[in-house]
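Input: a single structure, listed below in structure tokens.
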Amino acid sequence: MRGMWHSMTTYFSEPQSMYYRFGEDQEQVLKVLAERYIGANAQANFVYRAFQQSGILQNDKGLYDLNLGKRFPDAPKDHISYAAALVWGDENRNLDVLVRCYGPVRFYFNNELIYRSTVIDEITPDATVKLGIDIQPGWNTVWLEMKNTPAGFGCQFGSDEGKVRILNVLAPFQERLGQAGWVFSEPVSSSNGQAQPNLLASQGESVLKWLPDVHWSASEQNKSALERIYGLLPGRHAYAWTHLNNRDASGRPVHLSGHSSGPLQIWLGGKSVAEVKQAGSFEVEVAASFGRNDLLIRSECQTDAGSWGFDLKASVGTESQPLELSRASTGSNE
């Protein structure tokens, strides 16, 4: 046994061991382990992200349902649609993903072809293919190419054990930065097949028409903001939340001005600071501390109003003060 012991590999030198430093002091050893874990896994709050309900959503199995046959019922056969997403990685890790085909599918991960469906995959009901992907530190790209055939159009996609090993996908392109979800293209002829564009660049650099659309139609743009989102709901109210970034350190009041379709109540930093009683233009001056302040506005839809919404701008003296998204996040781990 002695010779066998000396022939064994030394994993680390004795001075590197906690026993060398702390001996039998188990409390100190556990403290070191706990502090190392806490340092490597700092506590973080939830990340709030915008997403579009008209986009690709998850089903009750946790899979993203890219059923393009329902979205494009009149698409010609043999036309192709593409879907794309970004996945953020803090470190190298392996993840098993599932693909359930409605029709022919090709799956690329970080520009590498991972999976190409077979006829059996495409025509067998509920056939599920499990694939392993290696997520790398930084941004990882997901690219799906789906062809419309009599068998179907699209696929379901997501992680195996989705409630435990979560796959968070973020929308690509600069115009959608920080949003959750996928983008998918209008069908194009298979003779006009497209290579994967730069998913971190501008959407305008791609020749494909990407959905869900991030722009309102011309008729919708002519409506006030709350009416555009909710329609006209007399007697109801809605809250708008933003951050007022006060860049003036002089202590002067902030001037809020704009136009409203009905009564408004305004809170700044959690305190009610102003109230607008009726529709029309308004101007109020409020005290705001230097830096970012929560600005919350309650807008009522009046029974006889022809629109619902308000415009608001902030200034100190002649200098405009910016309003910023209350919750925005890019490149973070969820």
Side-chain angles (χ1 to χ4, degrees), residues 46-55 57 171 174-181 203 211-329:
F46 290 105
V47 176
Y48 295 87
R49 295 193 183 279
F51 74 98
Q52 291 180 266
Q53 290 184 327
S54 60
L57 304 180
Q174 289 294 318
E175 293 87 342
R176 305 171 191 261
L177 197 62
Q179 294 182 20
Q203 180 175 308
L211 301 171
D213 202 338
V214 295
H215 302 291
W216 296 105
S217 66
S219 61
E220 289 169 329
Q221 289 180 5
N222 290 329
K223 299 177 181 179
S224 297
L226 296 176
E227 178 189 355
R228 187 163 58 224
I229 298 170
Y230 303 113
L232 290 176
L233 302 172
R236 300 290 186 91
H237 63 264
Y239 291 88
W241 178 26
T242 186
H243 275 155
L244 166 64
N245 191 357
N246 183 12
R247 296 176 175 174
D248 185 89
S250 67
R252 291 181 293 174
V254 174
H255 185 78
L256 303 178
S257 62
H259 186 276
S260 176
S261 65
L264 295 180
Q265 189 166 359
I266 303 174
W267 290 265
L268 191 64
K271 297 180 180 180
S272 179
V273 294
E275 193 168 352
V276 178
K277 299 289 187 180
Q278 58 189 12
S281 298
F282 65 89
E283 293 186 31
V284 296
E285 289 193 339
V286 299
S289 57
F290 179 76
R292 303 182 83 203
N293 298 262
D294 278 313
L295 179 61
L296 184 68
I297 298 178
R298 181 183 188 269
S299 172
E300 295 184 19
C301 182
Q302 291 187 308
T303 304
D304 57 350
S307 63
W308 184 20
F310 63 91
D311 299 315
L312 181 144
K313 61 182 180 180
S315 61
V316 175
T318 59
E319 184 180 356
S320 176
Q321 304 299 314
L323 302 176
E324 301 174 348
L325 285 175
S326 305
R327 286 289 182 265
S329 177

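These numbers come from the heavy atoms of this one structure, side chains and all, not from hydrogens, waters or symmetry mates.
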Quiz item: Nearest 0.5 Å, what's the CG-NE2 distance between L264 and H237?
Solution: 12.5 Å
Quiz prompt | R298 to E300 - nearest heavy-atom pair and separation | solution = NH1-OE2, 2.8 Å
Quiz item: Could you give the distance from OG (S219) to CZ (R228), rounded to the nearest 0.5 Å?
Solution: 10.5 Å
Quiz prompt | N246 to F290 - nearest heavy-atom pair and separation | solution = O-CD1, 3.3 Å
Quiz item: Around atom CD of Q221, are there more than 12 heavy atoms of other residues, nucleotides or ligands at under 6.0 Å?
Solution: yes
Quiz item: Between A171 and R176, what is the shortest heavy-atom contact and its length?
Solution: CB-CB, 3.9 Å
Quiz item: Taking Q52 for the side chain and D213 for the main chain, is one N or O donor matched with an acceptor at less than 3.5 Å?
Solution: yes
Practice problem: Calculate, to the nearest 0.5 Å, the distance between atoms OG and CZ belonging to S261 and F310 respectively. | Solution: 9.5 Å
Exercise. Could you go through the side-chain contact (heavy atoms from CB on, under 4.5 Å) check for R247 and Q321 one step at a time?
Key: CA-CA 7 Å; R247 296 176 175 174; Q321 304 299 314; 3.6 Å; yes
Quiz item: Charged N to carboxylate O under 4.0 angstrom, R292 versus E324?
Solution: yes
Self-check item: Donor on one side chain, acceptor on other, H243 and N293, under 3.5 Å
Solution: no
Exercise. Taking E285 for its side chain and P253 for its backbone only, find out whether a donor-acceptor pair lies under 3.5 Å.
Key: no
Quiz item: Roughly how far, to the nearest 0.5 Å, is CD1 of I229 from CD of E220?
Solution: 10.5 Å
Exercise. State, to 0.1 Å, how close V254 and A288 come at their nearest heavy-atom pair, and which atoms those are.
Key: CG2-CB, 3.6 Å
Practice problem: Test side-chain contact (heavy atoms from CB on, under 4.5 Å) on L323 and L244 and set out the steps. | Solution: CA-CA 5 Å; L323 302 176; L244 166 64; 3.9 Å; yes
Quiz prompt | Approximate separation, where rounding is to 0.5 Å, of R236 CZ and C301 SG | solution = 10.0 Å
Exercise. Please report the closest heavy-atom contact between S250 and R252, naming both atoms and the distance.
Key: OG-NE, 3.1 Å
Practice problem: Quickly, which of L256, V273, I297 forms a side-chain contact (heavy atoms from CB on, under 4.5 Å) with L268? Name it, please. | Solution: V273
Quiz item: Side chains of E227 and S224: do they bring a donor and an acceptor to under 3.5 Å?
Solution: no
Quiz item: Hey, mind stepping through L295 and L312 against side-chain contact (heavy atoms from CB on, under 4.5 Å) and telling me if it holds?
Solution: CA-CA 11 Å; L295 179 61; L312 181 144; 4.1 Å; yes
Self-check item: Distance-minimising heavy-atom pair for S54 and P212
Solution: OG-CB, 3.6 Å
Exercise. Check for a donor-acceptor pair, side chain of Q265 on one end and backbone N or O of P263 on the other, with a separation under 3.5 Å.
Key: no
